[in-house]
Amino acid sequence: MGTWGTAIYSNDLAMDVRDACRDVFAFYDIEKGNEIIFSEFKEIINQSFIDNEYASFWYALADWQWNNGRLTDSVKTKTLELLDVYAGIDEWISDGNE
């Protein structure tokens, strides 16, 4: 995953999630759209550990849904859980950007 900053969409995966949301939710409701998004990114979602990519997926999905008035309770809950444990900031800390 290429990363070039600290913003939500400053990495390749987050941009892929954003673009997928734009494409999918233009044609499907939130329930079916989430099903499609989850299927497309199932390798990341189903991994057995939390890393920067995992967190980036959920942050990008939650941000897109929130900004477009479609944030589901399940996506919100998952994202808040990740924020509570500071998931996804490892790469910034390792680069000295605490």
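Quick note: numbers below take in every heavy atom, side chains included, and nothing from hydrogens, waters or symmetry partners.
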Counterpart residues, side-chain contact (heavy atoms from CB on, under 4.5 Å), relative to [X] (two or more places apart):
X: F27; result: none
X: D29; result: E31, K32
X: T72; result: I30, N34, Q65, S74, V75
X: E40; result: A20

Hey, could you give me each pair passing salt bridge (charged side-chain N to carboxylate O under 4.0 Å, His left out) that has a residue in residues 17-28? Not counting sequence neighbours.
D19-R22

Can you tell me which residue pairs pass the salt bridge (charged side-chain N to carboxylate O under 4.0 Å, His left out) test with a partner in residues 75-87, sequence neighbours excluded?
none

Residues that F38 engages under ring pair (Phe, Tyr, Trp, His ring centres under 6.0 Å), provided they are two or more places apart
W58

Could you list the residues that satisfy ring pair (Phe, Tyr, Trp, His ring centres under 6.0 Å) with Y59, not counting sequence neighbours?
none

D63: partners by side-chain hydrogen bond (donor to acceptor under 3.5 Å, both in side chains), with sequence neighbours left out
Y9, N67

From CZ (F57) to CD1 (I44), nearest 0.5 Å
7.5 Å

On a heavy-atom basis, which atom in [X] and which in [Y] lie closest, and how many Å separate them?
X: A55; Y: L82; value: CA-CD1, 4.1 Å
X: C21; Y: I37; value: N-CD1, 3.9 Å
X: I50; Y: A87; value: CG2-CB, 3.8 Å

Looking at side-chain heavy atoms only, is the closest gap between [X] and [Y] below 4.5 Å?
X: F25; Y: N68; result: no
X: W64; Y: L71; result: no
X: F41; Y: D16; result: yes

Has the side chain of S39 got a donor or acceptor atom that lies under 3.5 Å from a matching backbone atom of E35?
no

side-chain contact (heavy atoms from CB on, under 4.5 Å), paired with E53, selected from L13, D12, N11
L13

